[in-house]
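The structure appears below as structure tokens.
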Amino acid sequence: MYRISVNNGLRHQDVAQWNALENFDIKVGQVLRLTAPGSNTAAPVIRPTATTSTSTSTSTSTSTSTNIGSTAVKSYPKALKLPYSESASKSLAQQSEGTASVAGSIAASKPAPAVPQVSKTTPPPAKVVASEPGKQVVEASSKQTAPVNSTIGWIWPTEGKVVRKFSDQNKGLDIAGNMGQAIIAAGDGKVVYSGSGLKGYGKLIIIKHDKVFLSAYAHNSELLVKEGQSIKKGQKIATMGNSDSDQVKLHFEIREYGKPVNPDKYLAY
């Protein structure tokens with residue numbers, strides 16, 4: 001629940017309320033509503049298939065409509081269970097937004113919109129601090145703009161040595177530093193998560209910058225901002241620590257449409 005919510009820039013408490021989940025428990029195949037109920041968007045009606053078990057078919061048909069052949073649509077169900085298939089998995093996001101419809105089969109979701117394009121600029125050289133061989137060091141105070149197309153204008157979230165790069169095993173950059181040093185927002189945005197409920201991240205802050213990008217700041221010592229708070233680029237949001245970590249560091253992630261991307265693409269050295 002936590003990961004699904006923060007990856008979509010939402011509060012997990014809201015998602016739980018919209019789906020009537022008392023204990024934040026979700027199951028494989030369950031479809032979650034990611035918008036508040038009562039919107040003008042028509043809710044989908046999911047038809048049970050012949051391969052679905054009796055108990056599943058009964059609960060699904062009861063939660064949708066007793067008249068499958070009619071065009072009438074009742075209120076959005078609390079949760080939907082579908083038999084697994086590749087086409088069904090592709091349509092989950094669209095159904096959870098309440099925009100999908102089912103007429104004998106499940107339609108594939110539309111591709112994500114393109115990132116807004118802006119003209120490229122040549123960033124000024126970043127300030128470099130003495131470093132060990134093979135270790136890159138940058139100053140957050142240099143506040144460089146992104147080297148690739150982006151409307152955020154990313155800056156480094158702290159000073160220190162980049163001790164671990166982005167990889168399949170590490171979804172961001174690990175920047176080592178001193179206990180209590182400043183962690184700053186890499187761009188303007190709104191805090192969508194501030195807490196320690198995500199295992200492996202310690203005290204974590206997640207900022208939603210726009211409909212495309214999120215940034216995450218993990219293993220902090222102290223969190224200085226709250227959920228729902230608007231943040232300016234360069235604003236101090238936390239202090240560096242070692243919560244849920246074996247060393248004092250910042251784990252920094254950038255997520256594009258919820259998917260982790262290499263911060264090196266957006267941060268200037």
Exercise: identify the closest heavy-atom pair between [X] and [Y]:
| X | Y | value |
| --- | --- | --- |
| Ile175 | Pro157 | CD1-CG, 4.4 Å |
| Lys171 | Glu253 | O-CG, 3.4 Å |
| Leu214 | Val6 | CD1-O, 2.9 Å |
| Glu159 | Met240 | O-CE, 4.4 Å |
| Pro263 | Phe166 | CD-CD1, 4.0 Å |
| His12 | Ser5 | CA-OG, 3.2 Å |

*Which of these passes salt bridge (charged side-chain N to carboxylate O under 4.0 Å, His left out) with Asp174: Lys165, Lys161, Lys249?*
Lys249
*Yes or no on side chain to side chain contact (heavy atoms under 4.5 Å, CB included) for Ile207 and Val225, after CA distance, side-chain angles and deciding distance?*
CA-CA 10 Å; Ile207 297 176; Val225 293; over 6 Å; no
Below 4.5 Å, heavy atoms only, C-beta onward: do [X] and [Y] meet side chain to side chain?
| X | Y | answer |
| --- | --- | --- |
| Leu32 | Leu21 | yes |
| Val15 | Ile4 | no |
| Phe252 | Val162 | no |
| Tyr201 | Ile206 | no |
| Asn170 | His251 | yes |
| Gln247 | Asn242 | no |
| Ile237 | Val191 | no |
| Leu250 | Asn220 | yes |

Looking at [X] and [Y], would you say the former's side chain and the latter's main chain have a donor-acceptor pair under 3.5 Å?
| X | Y | result |
| --- | --- | --- |
| Tyr217 | Ala186 | yes |
| Ser194 | Ile205 | no |
| Ser243 | Lys203 | yes |
| Asn8 | Leu10 | no |

So, taking the atom named [atom1] in [X] and the one named [atom2] in [Y], what distance separates them when rounded to the nearest 0.5 Å?
| X | Y | atom1 | atom2 | result |
| --- | --- | --- | --- | --- |
| Arg164 | Gln169 | CZ | CD | 7.0 Å |
| Gln235 | Asp188 | CD | CG | 9.5 Å |
| Arg255 | Ser215 | CZ | OG | 11.0 Å |
| Thr158 | Gln181 | OG1 | CD | 4.0 Å |
| Lys211 | Tyr257 | NZ | OH | 10.0 Å |
| Asn178 | Ser221 | CG | OG | 12.5 Å |

Are [X] and [Y] linked, directly or through other ILVMFWY residues, by side chains that come within less than 4.5 angstrom of each other?
| X | Y | value |
| --- | --- | --- |
| Ile184 | Leu224 | no |
| Trp156 | Ile152 | yes |
| Met1 | Trp18 | yes |

*Take Glu256 and Tyr266 through the test side chain to side chain contact (heavy atoms under 4.5 Å, CB included) and record every step on the way to the result.*
CA-CA 11 Å; Glu256 184 176 357; Tyr266 302 95; 3.0 Å; yes
*Of all residues at least two apart in sequence or in a different chain, which pass the ring pair (Phe, Tyr, Trp, His ring centres under 6.0 Å) check with His209?*
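In terms of ring pair (Phe, Tyr, Trp, His ring centres under 6.0 Å), with neighbours along the sequence ignored, His209 is linked to Trp154.
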